[in-house]
Protein chains: 2
Amino acid sequence: MSRKQSVTDSDVGDMLTQKGYRRTAGRMALLEILSKTRRPLSIAEIIRLWKKDPLDQATLYRALEDFARTGVVHRSDLNTGTARYEYLHGRPHHHHLVCAKCELVEDVEVCVITEAQKKVLQRSSSFTAVYSHNLEFFGLCTACSKV
Amino acid sequence: MSRKQSVTDSDVGDMLTQKGYRRTAGRMALLEILSKTRRPLSIAEIIRLWKKDPLDQATLYRALEDFARTGVVHRSDLNTGTARYEYLHGRPHHHHLVCAKCELVEDVEVCVITEAQKKVLQRSSSFTAVYSHNLEFFGLCTACSKV
DNA sequence: ACACTAATGCGAATCATTCGCAATAAAACC
DNA sequence: GGTTTTATTGCGAATGATTCGCATTAGTGT
């Protein structure tokens, strides 16, 4: 009913089938982890959360790249040197709040850019289309600001 | 004369001295390159533009990191996998337009985020300060959209 | 000229990410 | 159910970006 906040096993499986992927144990588990975590995860974090047997990195990278290409997950580089991947839960896109010290990442649901994007395109001298944007805020989380 | 659009040798040198750096040939040349280019440069691009003798990468990385730490240049990762550095010309900050195909990067001078940043902080549950943001737009440049 | 220390150069190390290729295992087809 | 097709996996090695250690060089202040 209404908007889903989490995803069940069969949902994850359906999603895979629907996008033309195969329902493999690995990709199910990966989507499981991503869908339960409402923020961008680095590869290292995913590996840490991984409960199944040994995890091959190449396989993980390939699956994530696959998912990102078809829009199942969103990839973002938050100036931390490593890519992060986030399950979109059907949301078109959103932004992030990144702690400059500990790299804690929080989602920002509001988006104030859409109209501005048009202006940017109008003023540009060498672009003919703008179809997306990344907006990340940097600051200090409560824990880090105490230190 | 008001706002400087480019930087002379002595300006670059003064900047170094003022920030507590030494006026070395390498750092002068590096700032020279950066200040003449009004967009974020990747390490590879800098090396390509380098006219002086052999260029050591470790030295280059260290200088750029140094400059970024004191705010002389700004580092941004534009989801291209490599960091880029841009001379700020005294501007506080600004945004970019990135071609999804050829990675052409254009500066966007307007900033519409400052007020929004405050709202983001207010709504956040685990951050106590937001002091900067990155905003990058992705699209297609004129050349790439023709193909 | 001298001392102090930032900056450099070089090679090796590390980290993230990708590639090649043979082995597995879904999905589809008989 | 057995077979074919082909996506996905696993492994090891390659690549690319970035960092480190350490001895050497060269600005800067005295």
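The sequence lines fix the lettering, A, B, ..., with proteins before strands; numbering per chain opens at 1. Values below: all heavy atoms of this structure, side chains included; hydrogens, waters and symmetry mates excluded.
Looking at A:Glu86 and A:His74, their side chains never bring a donor and an acceptor atom within 3.5 Å of each other.
Of the two residues contacting DNA chain D, namely B:Tyr21 and A:Asp66, the nearest-nucleotide position lying further toward the 5' end is that of A:Asp66.
Between the CD atom of B:Glu65 and the P atom of C:dA6 there is a distance of 15 Å, given to the nearest Å. What separates CD1 of A:Ile47 from P of C:dT17 is a distance of 10 Å, to the nearest Å. Atoms CG (A:Asp56) and P (C:dG20) sit 16 Å apart, rounded to a whole Å. Distance OH (A:Tyr85) to C1' (C:dA16): 10 Å, rounded to an integer number of Å. For the pair B:Gln57 CD and C:dT14 P, the interatomic distance rounds to 19 Å; values are reported in whole Å.
Residues in residues 19-52 of chain B take part in these ring-ring contact (aromatic ring centres under 6.0 Å, His included) pairs, two or more places apart or across chains: B:Tyr21-B:Phe67. Legend: ring-ring contact (aromatic ring centres under 6.0 Å, His included) pairs involving residues 109-134 of chain B, not counting sequence neighbours, sorted by first then second residue: A:Phe137-B:His133, B:His93-B:His133, B:His95-B:His133.
Annotation: side chain of A:Leu41 is not in contact with side chain of A:Val105 (no heavy-atom distance under 4.5 Å). Considering only heavy atoms from C-beta on, B:Glu45 comes within 4.5 Å of B:Arg39 through its side chain. A 4.5 Å side-chain heavy-atom check between B:Tyr87 and B:Thr37 finds every atom pair outside the cut-off. Counting heavy atoms from C-beta on, the side chains of B:Leu104 and B:Glu106 never come closer than 4.5 Å. Side-chain contact between A:Arg23 and A:Asp14: present, with at least one pair of heavy atoms (C-beta onward) separated by less than 4.5 Å. Residues B:Val130 and A:Leu97 form a side-chain contact, since some pair of their non-hydrogen atoms from C-beta on lies under 4.5 Å apart. Between B:Asp107 and B:Pro40, some side-chain heavy-atom pair lies under the 4.5 Å cut-off. Between B:Val72 and B:Leu34, every side-chain heavy-atom pair lies at or beyond the 4.5 Å cut-off.
The neighbour count for A:Lys19 NZ, taken as heavy atoms of other residues, nucleotides or ligands under 6.0 Å away, is above 12.
A donor-acceptor pair under 3.5 Å is absent between the side-chain atoms of A:Ser124 and the main chain of A:Val120, judged by distance alone. Checked by atom type and distance alone, the side chain of A:Thr142 pairs as donor or acceptor with a backbone atom of B:Ser126 at under 3.5 Å.
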Exercise. Toss me the dot-bracket line for DNA chain D: Watson-Crick and G-U wobble, both under 3.5 Å, 5' to 3', using | for pairs to another strand and [ ] for crossers.
Key: |||||||||||||.|||.||||||||||||
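Across residues 69-77 of chain A, not one residue has a non-hydrogen atom less than 4.0 Å from an atom of DNA chain D.
Contact annotation for A:Ala58: base contact, defined as any heavy-atom pair under 4.0 Å involving a base atom. Backbone-only contact: B:Thr82 has heavy atoms under 4.0 Å from sugar-phosphate atoms and none from a base. Nucleic acid contact for A:Arg62: base, since at least one base atom lies under 4.0 Å from a heavy atom of the residue.
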For nucleotides 24-26 of chain C, give me every protein contact, N/O to N/O, under 3.5 Å, one pair per line with atom names.
residue	atom	partner	partner atom	Å
C:dA26	N3	A:Arg22	NH1	3.3

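Residue A:Tyr61 places none of its side-chain N or O atoms closer than 4.0 Å to OP1 or OP2 of C:dT18.
A 4.0 Å heavy-atom criterion places the boundary nucleotides of DNA chain D facing chain B at D:dA17 to D:dT28, written 5' to 3'.
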